Structures are given as C-alpha cells and as structure tokens.
Amino acid sequence: MARLQPVRGTHDILGDKSVRFRTIFEIFKSVASRYNHQEIDTPIFEFTETFKRTLGDTSDVVTKEMYTFEDRGGEQVTLRPEYTAGIARAFMSNGLHQSTPCKFYSYGPIFRYERPQKGRMRQFHQMDVEIIGVPEAQADIEVLALASDLLSELGIGQHITLELNSLGDPESRVLYRDALVTYFTEHKSKLSEDSLKRLEKNPMRILDSKDDGDHILIENAPRIGEYYNDVTKDFFTQVLRGLEEIGIDYVINDRLVRGLDYYCHTAFEFTTDQLGSQGTVIAGGRYDGLMEMMGGPQTAGVGWAAGMERLAELISEEVIVPPVRPVVVTPVGENSQATSLRVAHDLRANGIVVDMGYKGNVGKRMKRANKQNAVFAVLIGEDEIDRNVAMVKNLDQGSQEEILLSELSTYILGNRP
RNA sequence: GCGGGUGUAGCUCAGUUGGUUAGAGCGCCAGAUUGUGAUUCUGGAAGUCGCCGGUUCAAUCCCGGUCACUCGCCCCA
C-alpha cells in the first residue's frame with residue numbers, strides 16, 4: 001500500500017468530484033461562449049524561459065514553485081505554473097497580431113511545487129479567460145462581467161465579494177513604488193522579518209502583510225490613489241462606471257496588489273470567507289506590458305484565472321448536474337444472452353444510456369441495477385423472447401409491464417423521469 | 001522553505017494506564033428468496049494498528065527517525 005499513493009499534492013478526480021468539475025466546466029464554457037470567447041488549448045509545458053521572463057526572476061513562483069526539468073534533448077522545460085504566459089506565447093507564435101481582438105478561454109491542470117494545504121495543491125485546475133489586443137476599459141469590464149456571471153450561474157454569487165484596485169499605468173506605478181520604498185525604508189526597524197524581505201523583492205506586497213506590527217505602519221503608508229496620473233484616474237473611472245452600469249457590486253481595496261510583474265491598471269480578486277485562508281476564487285488583471293517583456297510588440301491584455309478545486313467546494317448543490325440514470329438490460333437464463341445483447345445495442349443506438357446486468361441470478365442483477373440508480377430494468381427471458389417482448393420494471397415505482405421489443409426504445413424515451 | 005495536529009478494516013471512528021484471539025457502524029460477499037431491487041433477518045471475508053529503528057521478558061500503545069495526510073505562515077487559484 002505504501003507506494004500506491006498519488007504524488008504529494010496531487011489528487012484523483014472521480015465520483016462526486018468529477019461530476020462537480022464537469023458541471024463547473026460546462027457552465028464556464030457556456031458563459032464564455034456567450035461573450036464570444038473561443039477555446040484555446042496550449043501545451044501544459046513550455047520552455048522554462050517563457051515563465052522566467054514573464055514572472056520575474058525574484059517571484060516565488062519562479063524561485064521555488066516551478067516543476068522544471070531537462071528533457072532528453074537537453075531543453076529546459078517547465079510544467080505551466082499559470083496560464084497567461086503560455087497563452088501570450090501562443091498569441092505570438094501564431095501571429096495573431098493580425099486578428100485582434102482575441103478572446104480566449106481555456107481549462108486544464110496547473111503545477112506549482114508548494115506545501116499542500118486546504119485549497120492548495122501541487123497539481124490543480126484553472127479556468128482561464130483572456131482578452132488580448134484591447135487597451136480600452138471595456139475589456140476589463142467585460143472580463144469582470146464574465147466572472148460575475150460565472151459565479152452567479154454556479155449559484156455562489158452571494159457568498160463572494162469582488163475586490164478591485166488600480167495599480168496605475170507604468171508611470172503612476174513607478175512613482176508609487178518609489179514612495180512606498182522610501183516610506184518603509186524610513187521605518188525599517190519596525191517592519192516584520194517577512195516584510196523586510198518584501199521590501200527588497202516586492203515592496204507593494206507589504207501592504208498585504210498579515211503581521212499585526214506591520215498594520216500600524218501600513219495604515220500611515222502612502223496611498224496608491226495619491227499617485228494616479230490622469231490616464232490612470234480616467235481608466236479606473238471608466239471601469240467602475242461600467243460595472244455600475246450593469247449592476248456588478250465591488251469593493252475598492254487599495255491594498256490589493258499582484259505578485260506578478262506584468263500587471264498594470266486593473267487588478268481584482270473575487271474572494272469568499274468560506275474556504276479558510278485560501279479565499280480567492282478568481283483573480284486577474286490587466287497586463288499591457290507582458291508581450292513586450294516576452295520580446296514581442298506592445299500588446300494590451302486583460303484576463304483572469306479561476307481555481308476549479310476551490311469553486312468545486314462552493315458550487316451550489318442545485319446546480320450540479322447528476323449523471324444520467326441508466327436503463328439496465330437484464331438477461332434471465334443462458335439462452336437470452338444474445339437477445340439481451342441485441343436489445344441493449346439497439347437502445348444505445350437510440351441514444352439511451354444502457355448498462356447490462358452481467359452476472360448472477362435475477363435477484364443479484366436487480367440489486368446491481370438498483371445500485372446503479374437505474375430508471376428501468378429490462379428483463380429478457382426465454383418466455384419474453386418467444387413473444388417478442390421484454391418485461392420493463394420501473395425501479396422507482398416497483399411497477400412493471402410487458403413491452404414489445406419493437407416499441408421498447410419509444411416506451412423508455414416516453415416514460416423515463 | 002518554516003511551525004502545529006493526526007496516522008487502527010474499503011470508509012467513519014472506538015480501544016489498549018505496555019500483557020493471550022484489536023472492536024463497532026457503514027460498505028462488501030453469501031444465504032433466507034433458483035424470474036424481481038430498495039426494507040428486514042442470518043452468516044462471512046477483510047488489519048504487518050503508516051514505515052524503520054530503540055527501550056522492554058513483552059510495543060498498536062513509550063522514545064527517536066521517516067513517510068503521508070491535515071491546519072497555519074511565506075506565496076498564491
């Protein structure tokens with residue numbers, strides 16, 4: 001047993017979990033399609049450079065969380081730790097500058113070497129949405145609306161808060177960052193150990209600190225809003241107006257920052273208090289600087305990623321689509337095997353979900369059918385074969401009646417709940 | 001990478017202040033019921049008490065290590 005375990009931080013998806021995943025993805029697909037987003041599937045691994053370049057050499061993701069290895073040809077490759085870089089790469093590889101705007105959605109596994117805990121795994125799944133090539137605020141609004149629609153269709157909108165911030169355009173952002181560094185450097189002695197490190201690597205992260213001592217300092221720290229230039233103010237206002245126009249509630253959180261370097265302007269998180277300390281369910285923002293950072297032409301982009309595992313814990317039971325209940329064809333006696341096989345095949349050809357009672361006496365097979373949550377058991381014995389009928393038992397009601405084989409699928413299609 | 005908790009049957013968990021054959025419920029298998037499920041009754045299988053080492057006449061229990069899970073920090077979906 002010892003080694004028959006999944007690798008640490010990975011999980012099998014089956015049974016109820018699988019049903020939840022399926023439901024969430026179907027809803028996601030339908031909402032994304034309504035916004036005219038197209039599906040894109042990029043490889044689950046890329047050259048390590050692709051992520052290093054975009055995430056920044058000092059980010060935690062790059063320094064300690066990537067699954068990186070050398071393949072047999074000596075290439076350094078990495079299992080994707082996020083979606084955006086891969087999609088941006090695909091955008092450039094396929095020369096899509098010609099066909100902007102590009103609106104994509106995607107879904108699949110993501111890998112991060114982290115210490116597992118509630119709501120955090122080493123292999124997990126994200127759904128991703130991107131609009132590339134639209135520098136206007138309408139794209140931000142649309143992408144937020146898509147997220148909001150998704151959450152409400154999953155039946156969890158009321159438990160979730162949209163937190164929103166503007167990181168400013170590059171000019172504002174640099175000014176603010178400098179102001180922060182100056183401020184915190186003056187108060188270095190009072191900063192927590194973790195925040196001292198942040199001061200070196202990612203000063204804006206200090207605003208996010210959970211340390212009580214830091215909180216007092218943060219209270220009096222410069223506010224990002226004071227450093228917005230006109231471009232930033234105007235852009236942010238457009239986003240907020242747009243959200244109000246379509247009735248999406250938000251809370252401005254000027255402490256909301258981003259770990260990744262390529263974000264600017266809008267940054268947002270949809271959060272809940274129902275998942276313990278990993279409360280972010282969807283997160284994203286605008287990344288106009290990304291493509292240039294990767295060596296391509298300047299191209300605007302905005303998008304988000306949603307954590308499937310986290311959504312799966314929240315999704316409302318009413319929304320979950322249970323698997324289709326089967327009809328179980330049950331041969332009675334050796335001589336009815338062939339006919340049963342033919343009947344099952346025929347029902348399937350008519351689009352009915354059919355399973356077979358494979359072995360045991362009739363009692364055994366009925367028990368089996370019941371356990372499979374079957375709607376009908378179709379019993380076929382020599383008796384029935386002689387008269388070209390089947391005994392169809394309704395397992396919910398306990399009633400049964402003989403049906404002509406030629407009318408079997410019509411009967412089932414017409415009488416199933 | 002750092003800190004806390006847990007590890008007994010397929011699942012959820014009791015239990016042993018160290019002492020013969022380690023228990024329950026659910027589930028599973030079989031029978032009551034050889035052409036009729038869900039209820040009921042009867043019986044059965046199933047455990048290297050996570051793994052390695054130490055202490056002891058004796059360890060599932062105590063000690064050390066290790067692995068896994070879990071909660072939190074860092075960080076993030």
Side-chain angles (χ1 to χ4, degrees), chain A residues 1-11 15 55 58-65 80-84 107-129 147 192-198 201-202 205-206 208-211 257-260 268-272 275-284 303-314 328 330-334 336 357 360-384 390-400:
Chain A
M1 186 100 152
R3 259 338 195 162
L4 295 182
Q5 296 169 332
V7 172
R8 182 167 208 196
T10 67
H11 294 270
L55 299 178
T58 59
S59 72
D60 270 40
V61 172
V62 169
T63 53
K64 59 178 202 193
E65 293 177 359
R80 64 179 174 210
E82 60 118 24
Y83 256 110
T84 309
Y107 158 67
I110 298 287
F111 305 84
R112 303 229 267 243
Y113 189 88
E114 300 183 274
R115 184 87 172 253
Q117 58 179 275
K118 186 181 173 66
R120 172 181 305 163
M121 292 115 231
R122 287 184 175 180
Q123 176 177 339
F124 61 104
H125 299 77
Q126 284 187 348
M127 300 185 298
D128 186 88
V129 158
S192 69
E193 203 179 317
D194 279 332
S195 287
L196 278 174
K197 275 183 224 153
R198 294 187 182 108
K201 295 203 306 196
N202 195 343
R205 271 271 161 227
I206 299 176
D208 234 6
S209 174
K210 287 175 190 161
D211 185 274
V257 293
R258 281 280 88 112
L260 309 181
F268 56 88
E269 287 183 12
F270 289 82
T271 60
T272 177
L275 288 178
S277 74
Q278 265 67 52
T280 301
V281 136
I282 295 180
W304 50 252
M308 279 290 256
E309 280 79 359
R310 293 179 187 179
L311 289 174
E313 292 215 18
L314 295 172
V328 173
T330 304
V332 179
E334 279 308 305
S336 51
N361 56 35
V362 180
K364 280 279 109 71
R365 297 190 204 217
M366 290 297 287
K367 212 177 238 179
R368 201 85 236 159
N370 193 56
K371 214 163 280 175
Q372 289 171 84
N373 193 26
V375 197
F376 298 107
V378 175
L379 291 124
I380 299 170
E382 289 177 48
D383 234 38
E384 283 82 5
M391 185 64 84
V392 179
K393 177 158 189 172
N394 181 318
L395 291 173
D396 289 337
Q397 286 157 23
S399 58
Q400 60 181 21

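A quick note: this is a predicted structure, and the numbers were derived from the prediction, not measured. Here is how names work: the chains are called A, B, and so on, in the same order as the sequence lines, proteins then strands, and each is numbered from 1.
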Hey, is the side chain of A:Arg368 poking within less than 4.0 Å of OP1 or OP2 on B:rC29, counting only N and O atoms? yes
Side-chain donor-acceptor pair present, A:Glu269, A:Thr280, cut-off under 3.5 Å: yes
Counter-base of B:rU17, judged by Watson-Crick or G-U geometry with both distances under 3.5 Å: none
Tell me whether the side-chain N or O atoms of A:Arg115 pair up with the base of B:rC73 as donor and acceptor below 3.5 Å, since no angle test is needed here. no
Determine: side-chain N/O of A:Arg205 to OP1/OP2 of B:rC76, distance under 4.0 Å, yes or no. yes
Closest to the side chain of A:Lys371, out of B:rC29, B:rA77, B:rA38, is B:rC29
In whole angstrom, give the distance that lies between atom NZ of A:Lys367 and atom P of B:rU34. 12 Å
A:Gln278 side chain: which of B:rC71, B:rU70, B:rC75 is closest? B:rC75
Which of the following nucleotides, B:rG1, B:rA30, B:rG35, is nearest to the side chain of A:Lys364? B:rA30
With a 3.5 angstrom cut-off on both distances, give the Watson-Crick or G-U wobble partner of B:rU48, or none if there isn't one. none
Have a look at A:Glu114 and say if it touches a base, only the backbone sugar-phosphate, or nothing, with a 4.0 Å heavy-atom cut-off. base
Using heavy-atom distances to pick each residue's nearest nucleotide on RNA chain B, tell me which of A:Gly9 and A:Ile282 is more 5'. A:Gly9
Could you let me know what B:rC73 is paired to, Watson-Crick or G-U wobble, both distances under 3.5 Å, or none if it's on its own? B:rG1
If we take the P atom in both B:rG37 and B:rA32, what is their distance in whole Å? 12 Å
Which nucleotide in the list B:rC75, B:rC29, B:rG35 gets nearest to the side chain of A:Leu379? B:rG35
Does the structure place the NZ or CZ of A:Arg80 under 6.0 Å from the centre of the six-membered ring of A:Tyr83, at an angle of no more than 45° from the ring's axis? yes
Are A:Arg198 and B:rC75 close enough that a side-chain N or O sits under 4.0 Å from OP1 or OP2? yes
Closest heavy-atom pair and its distance - A:Ile380, A:Ser336: O-OG, 3.0 Å
Pairing partner of B:rG7 (Watson-Crick or G-U wobble, both distances under 3.5 Å): B:rC67
For A:Met127, report the nucleic acid contact type (base, sugar-phosphate, nothing); a contact means any heavy atom under 4.0 Å. nothing
Does a side-chain N or O from A:Arg8 land closer than 4.0 Å to OP1 or OP2 of B:rC69, or not? yes
Should B:rA22 form a Watson-Crick or G-U wobble pair with both distances under 3.5 Å, which nucleotide is its partner? none
Under 3.5 Å on both distances, the Watson-Crick or G-U partner of B:rU55: none
Nucleotide nearest A:Met366 when distance is taken to its side chain, options B:rG35, B:rG37, B:rC71: B:rG37
How do A:Ala306 and A:Ile380 order along RNA chain B: which one's closest nucleotide is nearer the 5' end? A:Ile380
Using only side-chain N and O atoms of A:Gln117, determine if any of them is under 4.0 Å from OP1 or OP2 of B:rG72. yes
Side chain of A:Arg310 only, please: which of B:rG35, B:rA77, B:rG37 is the nearest? B:rA77
Given B:rU36, B:rC75, B:rA38, which nucleotide is nearest the side-chain atoms of A:Lys393? B:rU36
Starting the side chain at C-beta, find the nucleotide from B:rG37, B:rC76, B:rU36 nearest to A:Val362. B:rU36
Nucleotide B:rU36, atom P - distance to CD of A:Gln372 in whole Å: 19 Å
Side-chain-base donor-acceptor pair under 3.5 Å for A:Arg112 and B:rA77: yes
Check the distance between B:rG35's P and A:Asp383's CG and give it to me in whole angstrom. 11 Å
Less than 3.5 Å between a donor and an acceptor, one on the side chain of A:Glu384 and one on the base of B:rG35, is that the case here? yes
Nucleotide paired to B:rU36 in any strand shown, Watson-Crick or G-U, under 3.5 Å: none
